[in-house]
Amino acid sequence: GTCEDGAGQGWLQCLPVNAGEVYLLGISNFSTSTFPGFSVNFGASPIDYTVPVRVWTGGAGTTAWNTPANWGGCSVPDACTQDVVIYSGAYNQPVIAAAETWTVRDITVSAGASLTVNGVLNVCGHLTVNGQLQGTGWIVFVGGAAYPVQEIRGVLTGATQYIPNLRINRAAPGTVRLMTNVQVAQHVQVSNGTLDLNGKVLYIGGNLSAAAGTGAVLSAPTASKVTFNGGAAQTYSDPDSDPLYDVEVNQPTPSTVTLNNTMRITNSLTLTSGVMVAPTALTREVRVENPAPGAVTPGNPNSLSLIHI
C-alpha cells in the first residue's frame with residue numbers, strides 16, 4: 001500500500017521504521033515565483049521530529065527576530081542546536097533589537113538578504129555572509145567542544161557588509177578562523193579562545209583588545225594583517241603581546257592608535273594615515289622584529305609615529 005494519506009493519494013511505498021532509527025526528510029520546491037518554504041504538519045503522528053534549520057520568511061510582515069510567524073510559524077531560533085538561513089525572498093529582513101540576545105549554531109545570510117544586529121547574536125558554529133550584515137551590536141562566538149574551529153566566511157568588507165562588533169568568548173578551548181577579509185566597524189575583543197587571522201586582513205574601526213593568559217590568543221600567521229581604519233581615536237590592549245604579522249594605520253581622518261601594551265610585529269608596520277602612540281619603553285612600545293630596512297614605512301604628513309620602537 002501507499003502511505004501518504006487515507007484517501008490513497010500517495011505514490012511511495014510504505015517504509016518500515018524500527019525504533020531508534022533516524023531518517024532525514026528532504027523536500028524540494030521547484031517554483032521560482034514564490035518564496036521557498038513549506039508547511040509540514042505531522043498531526044497526531046508518533047514521529048519524534050525536530051527542525052534543525054530555521055528559515056526566515058518574514059511572514060509576520062515585520063523585521064522582528066522574536067516573532068514565530070517570521071520563521072514560518074516555527075519557534076524562534078535561540079539555541080546552539082539550531083541553524084539559521086536568511087534568504088532574499090522576504091520583503092522584511094530580520095533585525096535583532098538593541099535589548100535582545102539570541103543564539104544560533106550556523107547562520108547563513110544569502111546573497112541579496114540582510115541581517116541587522118543591534119543587540120547580541122551568539123554564534124556556536126560558523127558565520128557565512130554573502131548578503132548584507134550591519135548594525136551596532138555584537139557578534140559573539142561562543143562555540144564549545146562540538147565546534148573546535150568556527151569559521152567566518154563570505155564577503156565582509158563593504159558599506160553594508162561588516163561585523164558591527166566582534167567578541168571571541170568560546171565556551172571551550174578552540175579557534176575562530178577568518179576565511180575571508182573582515183571589516184569590524186567598532187571593537188574586537190578576544191576573551192576566551194583563539195582568533196586566527198589565517199593570512200587574511202582584519203580591518204578594525206574601534207579598539208583591539210585581548211585578555212591576559214593562554215586562554216585568549218590573537219594568532220596572526222604569515223600574510224595576516226591588522227588595519228586600524230577607524231574614524232576616531234583607537235586603542236590596542238594585549239598584556240601578552242601576541243605577535244602580529246603586518247600592521248597598518250590608515251584612518252580616513254587622521255587620529256591616534258594608542259598602545260596600552262607593547263605591540264610585537266614580526267613583518268612590517270605601515271603608517272598611511274593616523275598617529276600611533278606608544279609612550280613608554282619596554283611596556284608600551286612597538287617592536288618590529290623584522291630587521292629589513294623597509295619593515296617600517298617612513299610615514300607622511302598625515303601619519304606620524306610618536307613611539308618607542
Side-chain angles (χ1 to χ4, degrees), residues 56 63 65 84-88 92-98 100-104 106-143 150-169 176-191 193 195-210 218 220 224-236 244 246-253 255 257 272-274:
W56 175 267
T63 61
W65 179 286
V84 166
V85 178
I86 302 169
Y87 289 115
S88 62
N92 300 300
Q93 295 288 291
V95 175
I96 296 178
E100 296 178 347
T101 298
W102 300 99
T103 299
V104 300
D106 294 344
I107 181 166
T108 300
V109 182
S110 301
S114 72
L115 171 63
T116 301
V117 179
N118 294 326
V120 176
L121 178 64
N122 293 320
V123 179
C124 304
H126 306 308
L127 169 67
T128 303
V129 179
N130 291 307
Q132 298 180 12
L133 175 62
Q134 52 195 320
T136 58
W138 288 84
I139 304 291
V140 184
F141 284 85
V142 296
Q150 299 179 256
E151 294 182 350
I152 301 176
R153 310 163 174 166
V155 181
L156 278 163
T157 52
T160 58
Q161 294 171 302
Y162 59 85
I163 294 177
N165 292 274
L166 173 63
R167 180 181 296 127
I168 313 303
N169 194 22
V176 176
R177 179 169 296 151
L178 303 192
M179 305 303 293
T180 185
N181 297 337
V182 173
Q183 172 71 61
V184 178
Q186 287 295 315
H187 308 308
V188 175
Q189 297 178 355
V190 182
S191 301
L195 176 57
D196 178 10
L197 303 191
N198 190 36
K200 309 302 180 184
V201 182
L202 177 61
Y203 299 93
I204 303 174
N207 303 328
L208 171 61
S209 64
L218 182 59
S224 301
K225 186 176 184 179
V226 173
T227 297
F228 293 92
N229 66 347
Q234 300 178 254
T235 64
Y236 162 86
L244 305 175
D246 288 330
V247 174
E248 180 180 13
V249 179
N250 189 13
Q251 299 168 322
T253 300
S255 185
V257 178
T272 302
S273 177

Only one of Thr157, Thr227, Leu202 passes side chain to side chain contact (heavy atoms under 4.5 Å, CB included) with Asn181, and that residue is Thr157
Is the side chain of Ser273 donor-acceptor paired with the backbone N or O of Pro252 at a distance under 3.5 Å, no angle test? no
Closest heavy-atom contact between Asn207 and Ala233? OD1-O, 4.3 Å
Heavy atoms, side chains only, cut-off 4.5 Å: are Ile168 and Gln189 in contact? no
With heavy-atom distances below 4.5 Å as the criterion, would you say the side chains of Thr180 and Val155 are in contact? no
Contact between Trp65 and Val84 at the side-chain level, heavy atoms closer than 4.5 Å - yes or no? yes
With a 3.5 Å distance limit and no angle check, can you tell me whether His126 reaches the backbone of Glu151 through a side-chain donor-acceptor pair? yes
Value rounded to 0.5 Å, distance of OG in Ser114 from CD1 in Ile86: 7.5 Å
Do Lys225 and Val201 touch side chain to side chain, with heavy atoms closer than 4.5 Å? yes
Report the distance from atom CZ of Arg167 to atom OG of Ser191, rounding to the nearest 0.5 Å. 6.0 Å
Donor-acceptor pair between Asn92 and Thr63 side chains, under 3.5 angstrom: no
Taking all atoms of both residues into account, what is the closest heavy-atom pair of Pro164 and Val117, and its distance? CG-O, 3.9 Å
Side chain proximity check, Val182 to Ile163, heavy atoms < 4.5 angstrom: yes
If I compare all heavy atoms of Tyr162 with all of Ala185, which pair ends up nearest, and what's the gap? CD1-CB, 3.7 Å
What heavy-atom pair brings Val123 and Gln150 nearest, and what distance separates the two atoms? O-NE2, 3.0 Å
Under a 4.5 Å cut-off applied to non-hydrogen side-chain atoms, are Ser110 and Thr108 in contact? yes
When rounded to the nearest 0.5 angstrom, what distance separates CG in Leu156 from OH in Tyr203? 12.0 Å
Lys/Arg-Asp/Glu bridge criterion (N-O < 4.0 Å) met for Asp196, Arg177: yes
Audit row: Val188, Val226, side chain to side chain contact (heavy atoms under 4.5 Å, CB included) steps and yes/no: CA-CA 11 Å; Val188 175; Val226 173; over 6 Å; no
Check against side chain to side chain contact (heavy atoms under 4.5 Å, CB included), Val247 and Phe228: CA-CA 8 Å; Val247 174; Phe228 293 92; 4.0 Å; yes
Can Gln93 and Thr116 be counted as having a side-chain donor-acceptor contact under 3.5 angstrom? no
Tell me which donor-acceptor pairs under 3.5 Å the side chains of residues 128-140 have, and how far apart each pair is, sequence neighbours excluded?
{"residue": "Gln132", "atom": "OE1", "partner": "Gln134", "partner atom": "NE2", "Å": "3.2"}
{"residue": "Thr136", "atom": "OG1", "partner": "Asn118", "partner atom": "OD1", "Å": "3.3"}

Just by modelled atom types, is the Gly119 backbone N or O under 3.5 Å from a matching donor or acceptor in the Glu100 side chain? no
Minimum heavy-atom distance between Ala232 and Ser255, given as atom pair plus value: C-OG, 3.4 Å
Shortest non-hydrogen separation from Ser224 to Gly199 and the atoms involved: OG-N, 2.8 Å
Partner residues of Lys200 under the salt bridge (Lys or Arg N to Asp or Glu O under 4.0 Å) criterion, sequence neighbours left out: none
Quick check for you: to the nearest 0.5 Å, what is the distance between Leu166 atom CG and Leu195 atom CG? 6.0 Å
Can you find a heavy atom in the side chain of Val176 that is under 4.5 Å from one in the side chain of Ile152? yes
So do Asn122 and Val104 actually touch side chain to side chain, heavy atoms under 4.5 Å? no
Can any side-chain N or O of Gln234 pair as donor or acceptor with the backbone N or O of Ile204 at less than 3.5 Å? yes
Counting only N and O atoms by type, is there a donor-acceptor contact under 3.5 Å from the side chain of Asn250 to the main-chain atoms of Asn229? no
